[in-house]
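Convention: sequence-line order gives letters A, B, ...; per-chain numbering from 1.
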Number of protein chains: 2
Amino acid sequence: MDALAQVLTEHGYEGTTTARVAERAGVSIGSLYQYFPNKEALVAALIEQQAAKLAADFDQALAGCASLEDGLRALVRTAMGARPMDPALHRILNEQVPRVGRVAEAMAASRCIEQAIARLLQAHRHRLPAERDPVRAALVLETALEALVHKSVNGRPELLAGLEEELYALAAGYLMAP
Amino acid sequence: MDALAQVLTEHGYEGTTTARVAERAGVSIGSLYQYFPNKEALVAALIEQQAAKLAADFDQALAGCASLEDGLRALVRTAMGARPMDPALHRILNEQVPRVGRVAEAMAASRCIEQAIARLLQAHRHRLPAERDPVRAALVLETALEALVHKSVNGRPELLAGLEEELYALAAGYLMAP
DNA sequence: ACCTGAACACCGTTCAAGT
DNA sequence: ACCTGAACACCGTTCAAGT
């Protein structure tokens, strides 16, 4: 995994050959194929590793929030701080997510995050309008925040300044509208 | 472009070889490379074609909206109806967008859509809170709606039922919050 | 001017042989 | 049991030869 992360960062996805990863890891190409059935599975393993770490971050951040407002602020902060190590690596992996298998376990981590958000919303459901289902709202928020952080990190850096307040307004307006 | 679209739909991105596209188009592989420098440029051309069409849809839908509410409803409807032809093809192309060149012209279409939304918001800026910048809000809305429609079409179909009202609540709550 | 397709370079994957 | 790397299959791309 470390060798893969290094090669991806240095050469991008297309430039990442199984031979290069094996060489960097100090094993033969045959050995690599003993542990991973193909290149896709190799990349998927790294994606799952990062996704699991991210899901744990959300779980921890949202666990003990007293008010809905505190919870939303923690949610926004965690979403924005979700640039674990190298942003370039994060970007490369994100681009590969849709193409890796059935999105498999990366989707599982995404569902974990949704569930953490859903628990927060359920704990304060008396604050939400009647028509706002907490589980569905959690999916909406996770998707929207993830897309906005992603776009601001990659491609549209002018979004980054003041994004935190913007995301809070988006979440709060959606959840607590008349 | 037609041959490419067919082969992509039938075989997916990995299964789409330049040889197969050339064969389907009824030309030799050499001819294909006379018009497109490489496979990426070939796919990029199809992406640009679809993106331009989408941008035109938004321009038209948002042009003559009397009220902000009408405009937002048109925005949500257009975003949801943005499944031009084959949804499978749309999905395959979307997955390739981040990997195609500098995102080049697909990004240009995305900016056209943002500008169409920004014009709508600017026309009704007296309805927005003072801290809500129309240009930035347009970028936020475009990103969030696109991500939610994309996720509901691909991967999470349970989102689709009632999504239109959900998106409207998200947009209206964000724009017209206290 | 434009087309053709055999040939080339390269990469993912396998498997017979080694330890 | 596990490792090795030459060999294979396949795909993107080129270019000498044809029209």
Problem - Over 12 non-hydrogen atoms of neighbours within 6.0 angstrom of CD in B/E23 - result: no
Problem - Side-chain H-bond candidate by donor/acceptor type, B/Y168 with B/E69, under 3.5 Å - result: no
Practice task
Could you state the atom-to-atom distance from NE2 of B/H11 to C1' of D/dC10 in whole Å?
Solution key: 15 Å
Problem - Exam field: side chain A/R156 to backbone A/H150, donor-acceptor pair closer than 3.5 Å - result: no
Exercise for the section: Report, as yes or no, whether the 6.0 Å neighbourhood of atom CD on B/Q60 holds more than 12 heavy atoms from other residues, nucleotides or ligands. Expected result: no
Problem - Within-4.5 Å side-chain heavy-atom neighbours: A/V76 and A/E165 - result: no
Problem - Integer-rounded Å distance: D/dC10 P and B/R20 CZ - result: 11 Å
Handout entry: Taking every non-hydrogen atom, the tightest pair across A/I29 and A/A19
Key = CD1-N, 4.0 Å
Exercise for the section: Kindly say if B/T18 contacts the phosphate of D/dG12, meaning a side-chain N or O under 4.0 Å from OP1 or OP2. Expected result: yes
Problem - Polar side-chain atom of B/R125 near backbone of B/D133 as donor-acceptor pair, under 3.5 Å - result: no
Handout entry: Residue-level proximity of residues 27-39 of chain B to DNA chain D when a heavy atom falls under 4.0 Å
Key = B/I29, B/Y33, B/N38, B/K39
Completion exercise
Listed range with range, the stems formed with DNA chain D by at least 3 consecutive Watson-Crick or G-U pairs (under 3.5 Å) are C:4-8 with D:12-16, C:12-16 with D:4-8
Handout entry: All pairs passing side chain to side chain donor-acceptor pair (under 3.5 Å) where residues 25-35 of chain B contributes a residue, at least two apart
Key = none
